[in-house]
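This report refers to the structure that appears directly beneath it.
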Amino acid sequence: MPETSATIQLLSPEGRLVENAANEELHALVRELDEGQLRRFHRDMAVTRRFDVEAANLQRQGQMGLWVPSFGQEAAQVGSAYARRQQDHVFPSYREHAVALVNGIDLVDIIELLRGNTHGGWDPKQHNNFHLYTLVIGSQALHAHGYAMGIGLDGAHGSGDVERDEAVIVYFGDGATSQGDVSEAFVFAASYNSPQVFFLQNNHWAISVPVERQSRTPLYLRSTGFGIPAMQIDGNDVLASWAATRQSMDAARTGQGPRFIEALTYRIGAHTSSDDPTKYRDGADVDAWRAKDPIARFETYLRGLGTEESFFEEVREEADAIAADARRRTMEMVGPPASVIFDHVYTDPHPLMAEQKAWLERYEASYGENA
Amino acid sequence: MSTELTGQQSLPLAKAINAGLRQAMLDDEKVLLLGEDIGPLGGVFRVTEGLHAEFGGNRVLDTPLAESGIIGSAIGLAMRGYRPVCEIQFDGFIYPGFDQITSQLAKLTNRHQGSQAFPVVIRVPYGGHIGAVEHHQESPEAYFAHTAGLRVLSPSTPHDGYWMIQEAIRSNDPVMFFEPKSRYWPKGVVDFDANRTPTHASRVVRTGTDVTVVGHGAMVSVLLQAAEIAEQEGTSIEVVDLRSLSPVDYAPLVASVSKTGRLVVAQEAPQHVSLGSEIAATIAERCYYSLEAPVLRVSGFDTPFPPAKVESIYLPDADRVLEAVDRALAY
């Protein structure tokens with residue numbers, strides 16, 4: 001699904017600013033960003049990509065049953081992640097490693113999840129309200145809606161003070177747009193005017209099925225029939241991602257209702273380590289998207305602003321160190337105790353959990369030293 | 001309805017649950033009601049009647065017509081600190097919300113490893129005897145009793161309806177609350193001054209010595225009717241009301257079967273892989289040396305719920321229960 005005349009881009013694949021009437025407001029927002037913030041964009045994109053490569057290798061070496069690569073989607077994720085404000089809540093799907101990083105998640109926690117040590121991995125309340133990964137496609141759109149609805153019931157949005165008004169952002173992919181839950185979330189969000197931004201990363205593939213099978217029309221048009229204003233952005237442009245999300249979140253938080261962003265990006269890697277993209281897609285498409293790489297274009301832009309080589313070298317070293325640390329900690333991981341089977345299935349005490357946990361302990365003990 | 005509920009009142013189940021919901025909303029401002037047609041209309045069975053007028057549209061919310069949307073939104077509301085009570089309009093309409101209930105609501109507590117509770121109640125009018133069209137008379141409770149992370153309750157009387165809905169709302173875990181809709185209208189005494197009973201307690205509701213019969217929801221009144229008839233024929237039946245379908249409180253049932261030596265399990269639901277089958281297996285394990293006969297099951301047939309004009313043949317009545325009682329006694 002190619003870009004359309006409506007696609008908003010601030011930074012071209014060649015790393016040059018694109019300025020026109022349609023993106024003027026977003027450029028104005030970007031001009032508020034200082035150099036430190038721009039460098040953080042680069043740093044977090046580069047660190048995530050380096051980590052992603054390391055994690056994929058760890059999977060191939062048997063350290064995880066599965067890896068879900070984020071390679072290629074760093075700009076859509078990092079830009080939108082930085083656009084949230086401190087009081088906001090973030091509901092990811094399961095490929096949002098860069099959003100996780102920006103929100104202070106220890107990336108090794110994602111390895112714990114995909115290695116089979118946990119179904120969760122972090123406490124959202126202790127991690128900037130970055131909620132748990134959701135594996136069933138599209139379910140989180142409704143959870144995000146319920147949270148946003150609660151903001152509305154609490155009167156915690158709509159005062160016009162962007163530092164105080166709350167909002168929610170939910171991430172999902174092009175495959176999820178076919179799920180009923182995403183459409184139901186559109187219905188509910190529009191109905192209750194909930195302060196919610198729907199952020200679609202259209203990476204063009206739902207495992208082996210191209211986006212054309214999900215929709216014959218550009219996906220950004222999807223929400224408008226539900227009464228939710230939408231925009232389509234170049235998702236490999238970190239500036240467009242940040243500015244579009246910042247503008248949409250602030251619109252939602254100040255009482256203007258939900259917003260929808262379609263970020264056009266591309267899943268350069270496989271869906272997960274379990275599939276083989278050469279079976280279903282043309283290498284030429286991948287090459288064309290590699291030429292629009294989000295990190296390379298932003299690096300060119302930063303260099304044009306005068307950022308020196310030493311900065312990029314420092315980021316490379318830091319990314320390598322983070323990857324090495326993730327590898328070391330993965331190799332040292334120990335599995336959880338058997339008690340995790342029963343713990344926290346319920347919040348209040350439950351007789352079956354107590355009974356079966358005690359049975360398992362007796363059973364294991366019956367093997368004595370041979371257990 | 002008066003503001004102060006004290007003493008005893010004769011009420012139908014629908015109004016008793018209404019009073020329980022109202023009390024829970026008065027006790028905790030985080031309690032919200034969500035569902036289809038539950039606002040000004042008061043729900044298709046009028047269980048929420050008057051609550052929209054009393055508490056307003058921010059506490060009693062008519063939702064868009066989408067069950068997954070209702071449950072999924074309730075999950076997010078729970079994360080925000082609310083205690084949502086969802087109404088599913090009819091038993092057979094719960095399936096569009098099934099994924100959000102079983103894959104999300106039931107598992108999210110575990111996924112969060114204790115950092116987030118999900119106090120969501122899902123009220124489901126269920127069961128037959130009302131002559132309604134397809135999808136309006138089913139008994140889907142076993143699907144949910146089979147799902148870890150959920151608690152499942154079903155009151156059989158107005159008194160239990162008033163109290164158990166409040167226990168459900170007070171629970172920090174998701175609760176499926178199955179309301180036997182054929183029992184919505186008959187009146188029963190509600191004691192508003194009663195002491196709280198444990199949420200997950202089954203109860204002997206009629207004592208007897210020859211055979212134990214157990215059931216839940218609307219089946220309890222059928223069992224009591226059967227016991228009445230049997231008494232005239234010289235058979236003493238002890239009736240146990242399960243009340244909680246997950247977890248099941250087996251202690252009163254084990255004590256009863258240890259005394260009578262015989263058990264008949266009755267339910268409206270189809271028999272294959274049912275709650276009644278689970279109870280039969282458990283009692284066979286726990287009461288092996290007391291049993292004088294195999295545990296027998298009386299159920300709906302293993303078919304779709306039939307057209308209403310033959311529901312009286314499909315649904316177990318007192319005669320079907322007594323036929324099983326006779327078989328148990330013949331061993």
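None of the values given here were measured: they were computed from a predicted structure. Convention: sequence-line order gives letters A, B, ...; per-chain numbering from 1.
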**OP:** Apply salt bridge (charged side-chain N to carboxylate O under 4.0 Å, His left out) to A:Asp123 and list each qualifying residue two or more places apart in sequence or on a separate chain.
**Re:** none

Original post:
Is the number of heavy atoms from other residues, nucleotides or ligands under 6.0 Å of B:Glu29 CD greater than 12?
Top reply: no

Original post:
Between A:His131, A:His350, A:His89, which shows the greatest number of heavy-atom pairs under 4.5 Å with chain B?
Top reply: A:His350

**OP:** Drop me the distance from A:Leu135's CG to B:Arg111's CZ, to the nearest 0.5 angstrom.
**Re:** 7.0 Å

Subject >> Proximity of residues 71-85 of chain B to chain A, residues having a non-hydrogen atom under 4.5 angstrom >> reply: B:Gly72, B:Ser73, B:Ile75, B:Gly76, B:Leu77, B:Met79, B:Arg80, B:Tyr82

Original post:
Quick one: are A:Tyr192 and B:Pro64 in side-chain contact, heavy atoms under 4.5 Å?
Top reply: yes

**OP:** Against chain B, label A:Ser139 side chain, backbone, both or neither, depending on which of its atoms sit under 4.5 Å from a heavy atom there.
**Re:** both

Subject >> Residue, of A:Val340, A:Asp348, A:Val136, that accumulates the most heavy atom pairs under 4.5 Å with chain B >> reply: A:Asp348

Original post:
Which residues, numbered in order, of residues 89-100 of chain B come under 4.5 angstrom of chain A by heavy-atom distance?
Top reply: B:Asp99, B:Gln100

Original post:
Should we say atom OH of B:Tyr143 is surrounded by more than 12 heavy atoms from elsewhere, each under 6.0 Å from it?
Top reply: no

Original post:
Which residue out of B:Ser171, B:Ser103, B:Gly114 racks up the most heavy-atom pairs below 4.5 Å with chain A?
Top reply: B:Gly114

**OP:** Sort A:Thr134 into side chain, backbone, both or neither according to what part of it lies under 4.5 angstrom from a heavy atom of chain B.
**Re:** side chain

**OP:** Report yes if the side chains of B:Asn172 and A:Tyr346 come closer than 4.5 Å at any heavy-atom pair, otherwise no.
**Re:** no

Original post:
For A:Leu113, is it the side chain, the backbone, both or neither that has a heavy atom under 4.5 Å from a heavy atom of chain B?
Top reply: neither

**OP:** First locate atom OG of B:Ser246, then atom CG of A:Leu352, and finally report the distance between them rounded to the nearest 0.5 Å.
**Re:** 7.0 Å

**OP:** Answer yes or no: are there more than 12 heavy-atom neighbours, outside A:His127 itself, under 6.0 Å from its atom NE2?
**Re:** yes

Original post:
chain A: which of B:Gly69, B:Ala117, B:Ala66, B:Pro247 shares the most heavy-atom pairs with it under 4.5 Å?
Top reply: B:Gly69

Original post:
Can you check whether A:Gln126 reaches B:Ser115 side chain to side chain, under 4.5 Å on heavy atoms?
Top reply: no

Subject >> Sub-4.5 Å side-chain heavy-atom contact between A:Leu142 and B:Gln104 >> reply: no

**OP:** May I ask you to test the A:Lys125-B:Gln116 pair for a side-chain heavy-atom distance under 4.5 Å?
**Re:** yes

**OP:** Test side-chain contact (heavy atoms from CB on, under 4.5 Å) on B:Leu61 and A:Leu153 and set out the steps.
**Re:** CA-CA 11 Å; B:Leu61 293 102; A:Leu153 292 172; 4.2 Å; yes

**OP:** Tabulate, in ascending numerical order, the residues of residues 31-39 of chain B having at least one heavy atom closer than 4.5 Å to a heavy atom of chain A, or enter 'none'.
**Re:** B:Leu32, B:Leu34

**OP:** Could you check which of A:Asp181, A:Val187, A:Val168 has the highest count of heavy-atom pairs closer than 4.5 Å to chain B?
**Re:** A:Asp181

**OP:** Sort A:Pro349 into side chain, backbone, both or neither according to what part of it lies under 4.5 angstrom from a heavy atom of chain B.
**Re:** backbone

Subject >> Proximal component of A:Gln179, with respect to chain B [non-hydrogen, under 4.5 Å] >> reply: neither

Original post:
Most heavy-atom pairs under 4.5 angstrom with chain A, which of B:Asn110, B:Leu108, B:Asn58, B:Ile70?
Top reply: B:Asn110

Subject >> Within 6.0 angstrom of A:His119 NE2, more than 12 heavy atoms from elsewhere >> reply: no

